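Some notes on the structure that comes next.
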Amino acid sequence: MMELVKDIYFAGGCFWGTEHFFKQIEGVVDTEVGFANGHTEHPTYKEVYTDETGYAETVHVRYDSSKVGLEFLVKMFFKAIDPTSLNKQGHDEGTRYRTGIYYTDEADLPVIDKVYAEEQRNYQVPLAVEKQALENFYTAEEYHQDYLDKNPTGYCHLPQSLFDFAKNARPSKQ
């Protein structure tokens, strides 16, 4: 069967843990951490950290849609975040840690909307997760890429049990 690689971008707080989480999922072929939907060109981590550039720490997820579906990935994303928390995940606070789903293909929006609506039914307050087209994305510095692979005891707001959950989850192709 031919591999059909698609792209989706997830902002789930600190990108170190979010990237490591998605890397565990069967069918994800590549991940890259960076900065999405801000208003400056070629931002550095130091600039994004000031919360003055408008960027969110984001993970570019490339996946084989013949092995895992977007609906499954969006559902998994919601398991890795507190979707009601505005500009904060774990101990990390600031607009750079906001949550979001950024798409590059308009055809992905109905799937994202469906999962978003299902998730919203679990809460009394509106979800704080952005849902919009990707405006721009800049790759973060090399030391941020695969950070938790390079630094297994490095800081992460996500628990090891969540990585184990992602590794054992069986993807659906919806």
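Not measured: the values here are computed from a predicted model.
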Within the distance-only criterion (no hydrogens, no angle test), does the side chain of [X] pair as donor or acceptor with the backbone N or O of [Y] below 3.5 angstrom?
| X | Y | result |
| --- | --- | --- |
| Thr58 | Ala56 | yes |
| Asn136 | Gly38 | yes |
| His60 | Glu32 | no |
| Thr40 | Pro43 | no |
| Gln145 | Val33 | yes |
| Gln89 | Asp82 | yes |
| Glu119 | Lys75 | no |
| Asp30 | Arg62 | no |
| Glu19 | Trp16 | no |
| Tyr116 | Glu130 | no |

Quick one: side-chain contact (heavy atoms from CB on, under 4.5 Å) partners of Glu52, sequence neighbours excluded? Thr50
Cation-pi check, Lys6 onto Tyr63 ring (under 6.0 Å, within 45° of axis): no
Does the cation-pi check pass for Arg96 over Tyr55, that is, NZ or CZ under 6.0 Å from the six-membered ring centre and within 45° of its axis? no
Determine whether [X] and [Y] fall in the same hydrophobic cluster, where Ile, Leu, Val, Met, Phe, Trp and Tyr are linked whenever their side-chain heavy atoms lie under 4.5 Å apart.
| X | Y | answer |
| --- | --- | --- |
| Tyr102 | Leu109 | no |
| Tyr49 | Tyr143 | yes |
| Tyr123 | Phe77 | yes |
| Val74 | Tyr9 | no |
| Leu134 | Val59 | no |

Looking only at heavy atoms, what is the nearest atom pair of [X] and [Y], with distance?
| X | Y | value |
| --- | --- | --- |
| Ala107 | Pro110 | O-CD, 3.3 Å |
| Ala36 | Arg98 | O-NH2, 3.9 Å |
| Tyr45 | Glu57 | CE1-OE2, 3.3 Å |

Table please: side-chain donor-acceptor pairs of residues 152-161 below 3.5 Å, with sequence neighbours left out.
unit_1, atom_1, unit_2, atom_2, d
Tyr155, OH, Asp92, OD1, 3.1
Tyr155, OH, Asp92, OD2, 3.1
His157, NE2, Gly12, O, 3.3
Gln160, NE2, Asp164, OD1, 3.0

Just wondering, more than 12 heavy atoms not from Lys150 lying within 6.0 Å of its NZ? yes
Any heavy-atom pair between the side chains of [Y] and [X] that's under 4.5 Å?
| X | Y | value |
| --- | --- | --- |
| Lys23 | Asp146 | yes |
| Phe10 | Leu73 | yes |
| Val68 | Glu26 | no |
| Phe35 | Phe137 | no |

Those residues that, when tested against Lys88, pass side-chain hydrogen bond (donor to acceptor under 3.5 Å, both in side chains) (two or more places apart):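 side-chain hydrogen bond (donor to acceptor under 3.5 Å, both in side chains) check on Lys88 returns nothing, list empty.
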Output the distance between atom [atom1] ([X]) and atom [atom2] ([Y]), rounded to the nearest 0.5 Å.
| X | Y | atom1 | atom2 | value |
| --- | --- | --- | --- | --- |
| Tyr97 | Ser85 | OH | OG | 13.0 Å |
| Gln120 | Leu127 | CD | CG | 4.0 Å |
| Leu148 | Phe163 | CG | CZ | 5.5 Å |
| Ile25 | Lys67 | CD1 | NZ | 14.5 Å |
| Tyr103 | Lys131 | OH | NZ | 8.5 Å |
| Asp105 | Ile8 | CG | CD1 | 9.0 Å |

Name the one of Val61, Asp108, Val115 that satisfies side-chain contact (heavy atoms from CB on, under 4.5 Å) with Leu70?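 Considering Val61, Asp108, Val115, a side-chain contact (heavy atoms from CB on, under 4.5 Å) with Leu70 is found only for Asp108.
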Going through the checks in order, is the side chain to side chain contact (heavy atoms under 4.5 Å, CB included) test met by Phe78 and Val129? CA-CA 9 Å; Phe78 276 105; Val129 180; 3.9 Å; yes
Tyr138 and Glu41: side chain to side chain contact (heavy atoms under 4.5 Å, CB included), yes or no, with the steps? CA-CA 8 Å; Tyr138 292 98; Glu41 288 192 21; 3.8 Å; yes
With side chain to side chain contact (heavy atoms under 4.5 Å, CB included) as the criterion, how do His20 and Tyr147 come out once you've worked through the C-alpha distance, each side chain's angles and the decisive distance to 0.1 Å? CA-CA 8 Å; His20 198 68; Tyr147 183 84; over 6 Å; no
Polar contact flag, side-chain donor to acceptor under 3.5 angstrom, Asn87-Thr95: no
